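Before any comments, here is the structure.
Bear in mind the structure is a predicted one, so any value in this text is a computation, not a measurement.
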Amino acid sequence: MRLATGLVLGAVLAVAELPFVVLAGLSLLCVFAWPRGRRSVLKPLAAAARALTETHRRRLRVYVGADTSDAYANHRALQYLSLRWGLGVLGALVLGAALIGVAYGISWIFILLLTDVRHPGNLALSSIGGLFLLFLSLQGTFGVAGLETRLARYYLGPSHHETLERRIEELAATRAGVIFAVNDERRRIERDLHDGVQQRLVALGMLLGRALRSQDARRAEQLLRQAHEESGQALTELREVAWRVYPTVLDEAGLRAALETVAERSAIPVCLDYALATEPDTAVATVAYFVVSEAVTNAVKHSGAGRITVRVAPGEDAVLVHIEDDGPGGADSSGSGLFGLARRVAAVDGRFRVDSPAGGPTTITAELPCA
């Protein structure tokens, strides 16, 4: 119905466009060899063309879901309108065929109620034909809407220069995001080493010093035993820090094994659904791993969930990573953890989305493009 409404408005606008295009063509033809006259005619024509084109841009955005740039030249607007009226007429024909199909498709109801049916076979064939025409007309509605979108984007879409400028801005933003992410990672590693491993090593040194100074052999043995336990805990924390920096299993056994390790180490049960047939490249696999790892860590710390579901599946030239927990929701997508994940995903030109309504569930989706 939304597309049909858009086509109806397009057909109505075609009634004004066709006379405008004809008058514009005749006016420009009359002053083709007169530069000053051509400029004086082009000014009101360009203003009218932009007004009609802006109406179409709003119509396409609301009813067809097609966004276009407003930085188009006046001659592009005239070119667009010179072809657009044809699609308006085509849309009117398609909608007219749909109405005819509806009329024939439901006519048997009124015929059976109001008259005696002498040829039921013909009635059945006409009803079936009407429904088939309705089906073709509905498909034609989508086709005309697609043609409208393509025509608008061809004549009103961003220019090559605008596309390059937008791409440069995106690259500059993602580059800055990568730098911030690296700095955050360095600060986190320094904090983990200072608060964890370094404190363990200081305690280990103190225990060894006390054992060396002790005159009691039994006391020295107890201190050495404590020092041995402390060294084991220091090694465990050092391995944890190294794992958070970069897991070697990702290179040795692949993404699936790395994600299985994340699921095994989680304090909340994690259901892993891994549907990739081939191993993604290193950059995509690394980002996918850290998205899952950080999302699971955040869920364990803050979500209050009882179960986490992780799905990694192939998309259209992309790897889709989906993490969902059954917590109460309300996750802040601008928080440092999720914002850092968004910057990681943006660094590979991916898309990152967080959906966490009140009452849950919290859903994190990352789309990572790959060759």
Side-chain angles (χ1 to χ4, degrees), residues 1-21 48-72 76-110 126-159 162-163 166 313 315-318 320 322 324 333 351-359 361 363 365 367:
M1 292 301 296
R2 181 170 52 85
L3 290 178
T5 304
L7 295 187
V8 168
L9 294 176
V12 172
L13 289 172
V15 177
E17 286 171 356
L18 182 56
F20 171 77
V21 169
R50 290 195 76 90
L52 282 172
T53 301
E54 287 300 312
T55 302
H56 279 298
R57 289 185 62 243
R58 289 191 293 271
R59 176 181 65 89
L60 293 174
R61 183 173 60 253
V62 173
Y63 296 103
V64 184
D67 288 325
T68 55
S69 172
D70 59 353
Y72 53 87
R76 301 290 285 179
L78 288 170
Q79 292 172 346
Y80 169 72
L81 293 176
S82 66
L83 298 175
R84 217 298 311 174
W85 68 269
L87 289 179
V89 174
L90 179 60
L93 293 176
V94 169
L95 294 175
L99 293 176
I100 294 173
V102 171
Y104 274 94
I106 65 174
S107 61
W108 62 273
I109 300 175
F110 301 98
S126 64
S127 299
I128 294 173
L131 293 175
F132 185 65
L133 179 61
L134 176 61
F135 170 76
L136 294 179
S137 301
L138 293 177
Q139 295 299 314
T141 301
F142 291 100
V144 174
L147 290 175
E148 289 249 32
T149 301
R150 290 187 179 184
L151 183 69
R153 287 178 176 170
Y154 180 79
Y155 285 103
L156 309 179
S159 64
E162 291 175 335
T163 304
R166 186 180 304 171
E316 186 176 353
D317 296 329
L320 302 179
H322 183 88
E324 180 178 319
S333 59
R351 288 184 287 183
F352 183 81
R353 186 174 68 255
V354 178
D355 183 18
S356 184
T363 302
T365 304
E367 184 177 344

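When all heavy atoms are compared, the tightest approach of L60 to A152 is CD1-CB, 3.5 Å. L3 approaches V64 most closely through the heavy-atom pair CD2-CA, 4.0 Å. The two residues A92 and A11 have their closest heavy-atom pair at CB-CB, 3.8 Å. Taking all atoms of both residues into account, the shortest heavy-atom contact from A66 to R153 is CA-NH2, 4.0 Å. Nearest heavy atoms, W85 versus A14: O-CB, 3.8 Å. The nearest pair of heavy atoms linking A49 to L78 is CB-CD2, 3.6 Å.
Distance CG/L131 to CG/L136: 11.0 Å, rounded to 0.5 Å. Considering CG of L99 and CG of L134, their distance stands at 9.0 Å, rounded to 0.5 Å. Considering CG of L87 and CZ of R150, their distance stands at 12.0 Å, rounded to 0.5 Å. The structure places CD of E54 at 8.5 Å from CG of L156, a figure rounded to the nearest 0.5 Å. Rounding to the nearest 0.5 Å places CG of L9 at 10.5 Å from OG1 of T55. Note that the CG atom of L83 and the CG atom of L147 stand 11.5 Å from one another [nearest 0.5 Å].
For OH of Y80, the number of neighbouring non-hydrogen atoms (other residues, nucleotides, ligands) closer than 6.0 Å is greater than 12. In this structure, R353 places its CZ atom where only 12 or fewer heavy-atom neighbours from other residues, nucleotides or ligands lie under 6.0 Å away.
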Review point. Can you check side chain to side chain contact (heavy atoms under 4.5 Å, CB included) on L13 and R84, steps first, answer last?
Key: CA-CA 10 Å; L13 289 172; R84 217 298 311 174; 4.3 Å; yes
Review point. Does the side chain to side chain contact (heavy atoms under 4.5 Å, CB included) test come out yes or no for L81 and Y155, once each step is laid out?
Key: CA-CA 10 Å; L81 293 176; Y155 285 103; over 6 Å; no
Practice item. Test side chain to side chain contact (heavy atoms under 4.5 Å, CB included) on R76 and Y154 and set out the steps. Key: CA-CA 9 Å; R76 301 290 285 179; Y154 180 79; 4.2 Å; yes
